[in-house]
Amino acid sequence: MSFVSKNELDYWLEHVRIYANNGTVADYIPALANQSPEISAAAFYSVDGESPSAGQSNYTFTIQSVSKVFILALALIQHGEEAVFNRVGKEPSSDPFYSIRKLELESPGKPINPMINAGALAVTNMIRGRHSEEMVEEILDFIRRLCQDDSITYDRDVAESEFQTAFLNRSLAFFMKQNGVITGSVEELLDVYTKQCAIELNVKQLARIGAVFANDGRDPDTNVPLIPATVARICKTFMVTCGMYDYSGTFAINVGIPAKSGVSGAILSVIKNEGGLAVFGPSLDEKGNSVVGIELLEKLAQEKKWSIY
């Protein structure tokens, strides 16, 4: 097993944190613009339950697009593959995650995959609940089970900031509603979606969720199934093909492990049968990925020979 020690995390995080100078903090969501670009943290959670961490590992951040993996898993658990993939496709996209172009060009209104914003909105629309509050509770309960932490919630200021500025996501949702891909109130859907993106975790909690996926859906401490193995496999496959926005192909070559990033600066990665690795650094490259996180994952993947290819 290629276990990652605390000394290794400390060494590589110190080695790569200078790369924060090569990026910028996301500012199109006003509440995220307040993050310090110098924050950095990393944690590994093994399938055996060991959990070294480095940097500001207790710092909480909103998971943003990393939530798309968890929502996909929950929708698959609740409705099954046929229902989910009737709403959203399985193919990667070379367009930015916020693009509306593909909705018009291919199978009008049906998003090409669940890791772009349109696809995530379509999947979120499937979560059970009579109204947005129940849907949010379903999502929070699921993530609390994966983390074994009942205190997890969302940042209300970030959620409100995202909700008030989600003009493009509203456009995507209305286009899909016109084509019968989503149902119900667009405003309620945006309420759920912005709250799921604003869920707060630290790298240790996020790495633990990665360990669940690495362990084929089983809890790394108790080995109790939390996610069906088939669902975990589907989610990991989407992380490989679509998880790093339109940098996913290059990431597959340079790193070669399932990963999902968010514009807060979080990256969740999964090393099959070994553990979950989470990195946080809010300074982003032009694709929307953490520059510190990318550098750390490249260095560790090369040293540990983690690439699935």
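- Between His15 and Trp12, the angle of the ring planes goes over 60°, which puts this pair in the perpendicular group of the 30/60° scheme.
- Applying the 6.0 Å contact sphere to CD of Gln178 captures no more than 12 heavy atoms from other residues, nucleotides or ligands.
- Using a 30° and 60° split on the angle between ring planes, Phe44 and Phe3 fall in the perpendicular class, above 60°.
- Note on residues 176-196: pairs passing salt bridge (Lys or Arg N to Asp or Glu O under 4.0 Å), not counting sequence neighbours, are Arg170-Glu187, Asp191-Lys195.
- Salt-bridge check for Asp216 with Lys236: passed, with a basic side-chain N closer than 4.0 Å to an acidic carboxylate O.
- For the residue pair Asp149 and Gln205, a side-chain donor N or O sits within less than 3.5 Å of a side-chain acceptor on the partner.
- Judged purely by distance below 3.5 Å, without hydrogens or angles, the side chains of Lys272 and Asn215 never pair a donor atom with an acceptor atom.
- Considering every non-hydrogen atom in both Leu206 and Ile267, the closest pair reads CD2-O, 4.3 Å.
- The two residues Arg87 and Ala122 have their closest heavy-atom pair at NH1-O, 3.8 Å.
- Between Glu160 and Arg156 there is no salt bridge, since no side-chain nitrogen of the basic residue lies less than 4.0 Å from a carboxylate oxygen of the acidic one.
- Using a 4.5 Å cut-off on side-chain heavy atoms (C-beta onward), Phe238 and Pro114 make contact.
- Other residues, nucleotides and ligands contribute over 12 non-hydrogen atoms within 6.0 Å of the CD1 atom of Ile308.
- Annotation for Ser283 and Ala20: closest pair OG-O, 2.6 Å, computed over non-hydrogen atoms.
- Nearest approach of Ser53 to Asp10, heavy atoms of both residues: O-OD1, 4.3 Å.
- Although no hydrogens or angles enter the test, the distance criterion places a donor-acceptor pair under 3.5 Å between the side chain of Ser46 and the main chain of Glu50.
- When all heavy atoms are compared, the tightest approach of Thr62 to Cys197 is CB-O, 3.6 Å.
- Cation-pi geometry between Lys90 and Phe85 is met: the NZ or CZ atom falls under 6.0 Å from the ring centre, inside 45° of the normal.
- Figure legend: cation-pi geometry between Lys260 and Phe70 absent, as NZ or CZ is not positioned both under 6.0 Å from the six-membered ring centre and within 45° of its axis.
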